[in-house]
Q: 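Attaching a single structure in structure tokens format; questions to follow.
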Amino acid sequence: VQLQASGGGLVQPGGSLRLSCAASGRTFSSGTVSWFRQAPGKEREFVAGIRWSGGNTSYTNSKKGRFTTSRDAAKNTVYLQMNSLEPEDTAVYYCAATPVRMVLSALPTQSSYDYWGQGTQVTVSS
């Protein structure tokens, strides 16, 4: 399985970006896909996740309302819509996936994921 993250770039504060995570090699009919990010000098942290079956989502508290994750089964792709971006959102964003339908409370557990994308850089700056 390969995950291809894309959609990053340079955006001004207050702007928006939509990241995509396209999976190839298999479809996640019952699995879980999440987004993590790693800012310079900081540890990688959970941002948002979605269970493929049912579309249930989970977000880290600070991202609720600004970030939205969704999936397109036909395209085998998960999205992360990011609005009202702040300089503090600058980081490399990674998508991760597992064929397991995880309990929502466990989505931030990085060791639970079997597959990781290569990351896409998001820079928020004026």
Side-chain angles (χ1 to χ4, degrees):
V1 176
Q2 290 188 334
L3 300 178
Q4 181 70 40
S6 61
L10 174 63
V11 63
Q12 292 187 344
S16 299
L17 281 176
R18 189 179 77 159
L19 305 183
S20 300
C21 177
S24 61
R26 67 169 291 169
T27 58
F28 292 105
S29 59
S30 61
T32 306
V33 180
S34 289
W35 293 93
F36 293 81
R37 72 183 188 184
Q38 186 167 22
K42 295 186 177 181
E43 294 186 351
R44 189 164 57 188
E45 63 176 358
F46 173 77
V47 176
I50 185 167
R51 293 196 301 200
W52 200 265
S53 175
N56 309 95
T57 57
S58 177
Y59 300 89
T60 189
N61 285 338
S62 62
K63 307 301 179 292
K64 286 182 180 179
R66 293 198 299 124
F67 290 9
T68 303
T69 188
S70 60
R71 84 264 192 257
D72 185 330
K75 296 182 179 180
N76 212 29
T77 298
V78 170
Y79 302 100
L80 181 67
Q81 177 68 42
M82 305 186 295
N83 300 325
S84 301
L85 284 163
E86 304 167 352
E88 293 73 23
D89 295 316
T90 294
V92 177
Y93 284 71
Y94 299 90
C95 58
T98 172
V100 175
R101 190 172 188 268
M102 294 172 63
V103 175
L104 289 179
S105 60
L107 263 58
T109 305
Q110 298 185 37
S111 60
S112 296
Y113 296 88
D114 301 289
Y115 311 105
W116 289 80
Q118 84 288 0
T120 184
Q121 176 71 47
V122 171
T123 303
V124 184
S125 175
S126 56

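Counting begins at 1 with the first residue of the sequence.
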Q: Gln118: what forms a side chain to side chain donor-acceptor pair (under 3.5 Å) with it, not counting sequence neighbours?
A: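 Partners of Gln118 under the side chain to side chain donor-acceptor pair (under 3.5 Å) test: none.
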
Q: Are side-chain heavy atoms of Ser112 and Val100 found at a separation under 4.5 Å?
A: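 Not in contact.
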
Q: Any pair with a residue in residues 85-126 that passes disulfide bond (SG atoms under 2.5 Å apart), sequence neighbours left out, goes on the list, sorted by first then second residue, please.
A: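 Those involving residues 85-126 are Cys21-Cys95.
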
Q: Looking at residues at least two apart in the chain, or sitting in another chain, which of them share a side chain to side chain donor-acceptor pair (under 3.5 Å) with Arg18?
A: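 Counting only residues at least two positions away or on another chain, Arg18 forms no side chain to side chain donor-acceptor pair (under 3.5 Å).
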
Q: The criterion is ring-ring contact (aromatic ring centres under 6.0 Å, His included); which residues satisfy it with Phe36, sequence neighbours excluded?
A: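 Testing Phe36 for ring-ring contact (aromatic ring centres under 6.0 Å, His included), a comparison that skips the adjacent residues, returns Phe46, Tyr113, Trp116.
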
Q: I need the minimum non-hydrogen distance between Gln81 and Ser16, along with the two atoms involved.
A: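 In this case the closest contact between Gln81 and Ser16 is NE2-CB, 3.9 Å.
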
Q: Check Arg101 against Arg51 and note the closest heavy-atom contact, atom names and distance.
A: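 Looking at all heavy atoms of both residues, the closest pair is NH2-NH2, 3.4 Å.
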
Q: Look up atom CZ in Arg44 and atom CZ in Arg37, then write down how far apart they are to the nearest 0.5 Å.
A: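 It is 13.5 Å, given to the nearest 0.5 Å.
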
Q: With sequence neighbours excluded, what pairs up with Ser70 under the side chain to side chain donor-acceptor pair (under 3.5 Å) test?
A: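 Ser70 satisfies side chain to side chain donor-acceptor pair (under 3.5 Å) with no residue once adjacent residues are dropped.
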
Q: Hey, could you give me the OH/OG distance between Tyr79 and Ser6, rounded to the nearest 0.5 Å?
A: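 OG of Ser6 is found 9.0 Å from OH of Tyr79.
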
Q: State, yes or no, whether a side-chain contact exists between Leu3 and Tyr94 at a heavy-atom distance under 4.5 Å.
A: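 Leu3 vs Tyr94: side chains apart.
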
Q: Listed by chain and number, what are the side chain to side chain donor-acceptor pair (under 3.5 Å) partners of Asp72, not counting sequence neighbours?
A: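 Applying side chain to side chain donor-acceptor pair (under 3.5 Å) to Asp72 gives none.
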
Q: Is there side-chain contact between Asn76 and Ser24, with at least one heavy-atom pair below 4.5 Å?
A: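 Side chain of Asn76 against side chain of Ser24, heavy atoms only: no contact under 4.5 Å found.
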
Q: Can you see which heavy atom on Trp52 is nearest to which on Val33, and at what distance?
A: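 Smallest heavy-atom distance, with atoms named: CE3-CG2, 4.3 Å.
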
Q: Rounded at 0.5 Å granularity, tell me how far OG1 in Thr98 sits from OH in Tyr115.
A: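 One finds 7.5 Å between OG1 of Thr98 and OH of Tyr115.
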
Q: How long is the straight-line distance from OG1 of Thr77 back to CG of Leu19, given to the nearest 0.5 Å?
A: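 Going from CG on Leu19 over to OG1 on Thr77, the span is 12.5 Å.
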
Q: Once you round to the nearest 0.5 Å, how far does CD1 of Ile50 lie from OG1 of Thr68?
A: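 Atom-to-atom, Ile50:CD1 and Thr68:OG1 are 10.0 Å apart.
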
Q: Nearest heavy-atom pair of Pro40 and Thr90: which atoms, and what distance?
A: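 It is CD-O, 4.4 Å.
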
Q: Can you see which heavy atom on Ala48 is nearest to which on Leu80, and at what distance?
A: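 Nearest heavy atoms, Ala48 then Leu80: CB-CD1, 4.1 Å.
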
Q: As a quick check of understanding, evaluate side chain to side chain contact (heavy atoms under 4.5 Å, CB included) for Val122 and Met82, giving each step before the final call.
A: CA-CA 10 Å; Val122 171; Met82 305 186 295; 3.9 Å; yes

Q: Any side-chain heavy-atom pair from Phe67 and Leu85 closer than 4.5 angstrom?
A: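 Phe67 reaches Leu85 side chain to side chain.
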
Q: When hydrophobic residues are tied together by side-chain contacts of less than 4.5 Å, even through go-betweens, does Leu104 share a cluster with Met102?
A: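 As far as the 4.5 Å side-chain criterion goes, Met102 and Leu104 are connected within one cluster.
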
Q: Work out which heavy atom in Gly15 is nearest to a heavy atom in Val11; give both atom names and the distance.
A: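 Between these two residues, the closest heavy atoms are CA-CG2, 3.7 Å.
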
Q: Would you give the length of the straight line joining atom OG of Ser20 to atom NZ of Lys75, rounded to the nearest 0.5 angstrom?
A: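 Between Ser20 OG and Lys75 NZ, I get 8.5 Å after rounding to 0.5 Å.
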
